[in-house]
Amino acid sequence: MKTRFTTVDIRAVIAEINANYIGMRVNNVYDIDNKTYLIRLQKPDSKAVLLIESGTRIHSTDFEWPKNMMPSGFAMKCRKHLKTRRLTQVKQLGIDRIVDIQFGSDEAAYHLIIELYDRGNIILADHEYTILNLLRFRTAEAEDVKIAVRERYPIESARPPEPLISLERLNEVLSKAQNGEQIKRVLNPHLPYGATLIEHSLIEVGLPGSIKVDIAPKILEAMQIAETYMEKTENFSGKGYIIQKSEKKPSLTAGKPSEELLTYDEFHPFLFTQHSKSPYLEFDTFDKVNIKMTNYLIYEFFSKMESQKIDMKALQQEKQALKKLENVKKDHVQRLEALHQAQEVDRIKGELVEMNLPIVERALQVVRSALANQVDWTEIGIIVKEAQAAGDPVACAIKELKLQTNHITMLLKNLYINEEDEEEEQKEDVAEEKGKKTKNKDKGHNKKSQRNKPMLVDVDLGLSAYANAKKYYDYKRSAEKKEQKTIEAADKAMRSAEKKTQQTLKEVQTVTTIQKARKVYWFEKFLWFISSENYLVIAGRDQQQNEMIVKRYLRAGDIYVHADLHGATSCVIKNPSGDPIPPRTLTETGTMAVCYSAAWDAKIITSAWWVHHHQVSKTAPTGEYLTTGSFMIRGKKNFLPPSYLIMGFGFLFKVDEQCVFRHKGERKVKTVEDDMEDSTSKTAELFEEEEELLEKYKDQDEEDRELMMQLLGEAENLLTSLTGQPHPEDVLLFAVPVCAPYTALSNYKHKVKLTPGSQKKGKAARTAVLSFMKAKEAITREKDLFRSVKDTDLSRNMPGKVKVSAPNLLAAKKK
């Protein structure tokens, strides 16, 4: 699957951006994630949004992207320098996959440079290309050039456009290639067109895919075609195409045609020859479909990538399940064939011994006699060889002495075969050796041929010749009975295998549907849990996240919780109402702060503390320096009771909106006069504090402020829709794994206790899920939701090595 822009794509999208958006002013800059940014443009009669993803793509979009509530440092820097400036030019630097977007002109100009290769980068620079900010620092490999703040971005090092490759240069490139090597692979590093356009051009001039002698003139003709396409992208206004890939979905129903799964494979501004026979979608333009529709070719392609990855994974699992069923069938057929062959061989051996009774009996007597006279085994072998040399028929029939197992091997033949049959078989053998004989001989002929040919037969020295024949007949009857039992059991085994396969296919489809519906919440990138009283608590996984949590998410009314221990995380209790935080939530958060520290491995019981949001500062005293993730606390610390190292692991279930009413008040402050409507009043009180909140975030624009208020207003409904106590009548959409202080999970339907131990996180999580799957109270839908959760998501929030405890856990393991 194509995952990033080629040179042709870059040229085409630049042409469309220049044609449609030059002259528009920057209204704002937003970040979707740490590598994807939106630039909102506007002019009096229209608006537009450019999406930029480092290393991958640049295009316009009308989709309402989920922006971060607080802009990143890079987004803030872009806002500072780019807001209100006009988009004046978009160009490619040389023939490299680097786009230079210019805002403003002359000495007031700023440049946003997007690198669309390797790990990518986005660089903000001034009119002299001095770097003001960037996503990642790096040092250029070829030259000793630093890509860093206050350094100059080396635009002159971009590869300049080159004239059409000369015939001499082409011959030089081809001379270094191996015979049979693909032409497009040989040419691609030396040309600016990209492998797809090169392949198209070669097909157009009728060239084969691999290197052959004296094809340089023909390749030069193909490159002229490629150059024509490059010229078309200068002022591109053509169509766009998404090339699809067809995969056959397996089916268990005999005679039923296989379903077809169409996935997006590539996108191009032209329909190249090699794609003309593949299924494809055609768009009016490469960047935008048309004026009336809010759908974009490139957005459409990239937005489907994740869901298609899920579909392809499901398809592979389905194929694997059906392959297992096919292997069961194949193995069954092979075992029956082996048993049948064994019967046939044993029958023939029995017949041959019976036909050659005198010779076999005489051979047995000779060898027994030698052994009875205590003749050395080596000496017996010499005697047999001498007799064979003399032409003794009995000695000639003995081919090997297996005296260590009390057997001899004899070459026995059918004494009733006539000379004509023998001559005919010899002719057939010669024909087979020369490859003149086809493989369409029927089984009856094969059996006859096998019976008529001489065969090596092991004869037991402890039995008579007749008893040896009877032994082989007994083997044959035993194999016959075993074959019959295998046939009788096969029906049951195949039905069981098919039922299991059907169940697997059903589970795969269910899991796929759930994974597509799964919404990843903003707080899941952090350590998090929902307290017993319905407060969202977030904490940093590392020092960078600790820094982010305080800078972006610690607001008026929130509580900061920490512990004076190495590695302790910074915890924030989100409190949109501004009401005093209940003691139980404070205690649970203190437990979290202690458990995610060195105390977990050391098994130390200690206390955490909490302060109000305004007591936390990044400003260090004069002469001191605060490292990343460290903060200055001003005023009194409120210490909590000692925290026991007891965490829990369980699942929250996302319920449908129509089912949320059943879970109002599940998590609330336990007082004598509980009022279920009390929680809803918190949202109303939030608006009374709007002035204070907006003062803190005064540098946000109106859209940011509206987004923030909307998110805070919806926070409670979001938390209420996540329940640990699913009702039998609930519609469950997906499951979210939770690792939290055990008391916060007290009302969860599915939970286990975690304490410091020796079990690795991944195994512990799988053990927990196994116990949930085996629980009597677990319904089918819940089990499907458990299966849909990725292994990496299960254990990522566990504090370290653990011991898993739960009622009937051992019984679940045994099951």
Side-chain angles (χ1 to χ4, degrees), residues 526-541 546 549-550 554 557-575 577-616 629-650 666-674 719 724 738-748 751-757 797-806:
F526 305 115
L527 300 170
W528 67 277
F529 76 96
I530 301 171
S531 76
S532 303
E533 291 132 343
N534 211 35
Y535 288 88
L536 175 64
V537 181
I538 58 175
R541 297 179 184 278
N546 288 338
I549 281 175
V550 171
L554 183 63
D558 293 348
I559 297 295
Y560 178 82
V561 183
H562 195 53
D564 294 324
L565 290 163
H566 177 70
T569 184
S570 290
C571 305
V572 170
I573 304 173
K574 298 301 298 172
N575 183 24
S577 71
D579 290 344
I581 300 291
R584 186 165 181 171
T585 294
L586 287 169
T587 303
E588 288 171 353
T589 309
T591 300
M592 182 188 207
V594 171
C595 287
Y596 288 102
S597 73
W600 183 266
D601 291 331
K603 301 180 182 178
I604 297 171
I605 296 174
T606 187
S607 298
W609 47 264
W610 66 271
V611 294
H612 295 286
H613 78 285
H614 57 77
Q615 294 179 253
V616 184
S630 301
F631 306 97
M632 192 71 194
I633 306 299
R634 306 188 189 278
K636 180 186 174 183
K637 294 179 180 177
N638 304 285
F639 280 87
L640 295 164
S643 299
Y644 291 96
L645 302 173
I646 303 175
M647 294 287 282
F649 174 82
E666 267 182 3
R667 297 182 291 262
K668 61 181 180 178
V669 181
K670 302 297 184 290
T671 61
V672 177
E673 298 178 352
D674 275 335
L719 300 186
V738 182
C739 189
Y742 191 65
T743 54
L745 308 183
S746 57
N747 293 327
Y748 280 37
K751 63 181 181 295
V752 294
K753 186 183 292 184
L754 304 177
T755 51
N797 286 0
M798 288 186 178
K801 290 188 176 180
V802 299
K803 176 186 176 184
V804 182
S805 307

> With sequence neighbours left out, write down each residue that passes side chain to side chain contact (heavy atoms under 4.5 Å, CB included) with Ile549, or none if nothing qualifies.
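Here the qualifying residues are Phe526, Ile538, Val572.
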> Under a 3.5 Å distance rule, please check whether Asn575 uses its side chain to pair with a backbone N or O of Asp579 as donor and acceptor.
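Flag set: sc Asn575 to bb Asp579 pair under 3.5 Å.
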> For the backbone of Val611 and the side chain of Asn638, can you confirm whether one donor and one acceptor N or O come within less than 3.5 Å of each other?
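No, Asn638 side chain to Val611 backbone: no donor-acceptor pair under 3.5 Å.
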> Only counting residues at least two apart or in another chain, list the ones meeting side chain to side chain contact (heavy atoms under 4.5 Å, CB included) with Arg541.
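Counting only residues at least two positions away or on another chain, Arg541 forms a side chain to side chain contact (heavy atoms under 4.5 Å, CB included) with Leu527, Gln545, Arg796, Asn797.
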> Report all side-chain donor-acceptor pairs from residues 738-746 shorter than 3.5 Å, counting only partners two or more places apart or in another chain.
from   : atom 1 : to     : atom 2 : distance (Å)
Thr743 : OG1    : Glu588 : OE2    : 3.3
Ser746 : OG     : Thr743 : O      : 3.1

> If the plane angle is over 60° it's perpendicular, under 30° parallel, otherwise tilted; pick one for Trp609 and His562.
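Taking His562 first and then Trp609, their aromatic rings stand perpendicular (interplane angle over 60°).
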> Any side chain to side chain donor-acceptor pair (under 3.5 Å) involving residues 589-605? Give me the pairs, sequence neighbours left out, ordered by first then second residue.
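Listed by first then second residue: nothing to list.
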> When you compare the side chain of Lys574 with that of Tyr535, does any pair of heavy atoms fall below 4.5 Å?
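Answer no - side chains too far apart.
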> Say you draw a straight line from NZ of Lys803 to NZ of Lys753; how long is it, rounded to the nearest 0.5 Å?
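Between atom NZ of Lys803 and atom NZ of Lys753 there are 9.5 Å.
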> List in chain and number order the residues that pass side chain to side chain contact (heavy atoms under 4.5 Å, CB included) with His612, two or more places apart in sequence or in another chain; answer none if no residue qualifies.
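Side chain to side chain contact (heavy atoms under 4.5 Å, CB included) check on His612 returns Ile559, Trp610, His614, Gln615.
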> Could you measure the distance from the CD atom of Glu666 to the CD1 atom of Ile530? Nearest 0.5 Å is fine.
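It comes to 10.5 Å.
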> By salt bridge (Lys or Arg N to Asp or Glu O under 4.0 Å), which residues pair with Lys637, not counting sequence neighbours?
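Residues passing salt bridge (Lys or Arg N to Asp or Glu O under 4.0 Å) with Lys637: Asp564.
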> About how many Å separate CG of Leu640 and OG1 of Thr587, when rounded to the nearest 0.5 Å?
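Separation between the atoms: 6.0 Å.
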> Is there a side-chain contact between Thr585 and Ile573, using heavy atoms and a 4.5 Å cut-off?
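A side-chain contact under 4.5 Å exists here.
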> State the OG1-CG distance between Thr755 and Leu645, to the nearest 0.5 angstrom.
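Going from OG1 on Thr755 over to CG on Leu645, the span is 9.0 Å.
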> In chain order, what residues pass the side chain to side chain contact (heavy atoms under 4.5 Å, CB included) check against Pro642, with sequence neighbours excluded?
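For Pro642 the side chain to side chain contact (heavy atoms under 4.5 Å, CB included) partners, ignoring immediate neighbours, are Ile605, Ser607.
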> Got a sec: does the OH of Tyr644 have more than 12 other heavy atoms crowding it under 6.0 Å?
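No, the 6.0 Å shell around OH holds no more than 12 heavy atoms from other groups.
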> In the structure I gave you, are the side-chain heavy atoms of Phe631 and Ser570 within less than 4.5 Å of one another anywhere?
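They are in contact (side-chain heavy atoms under 4.5 Å apart), so the answer is yes.
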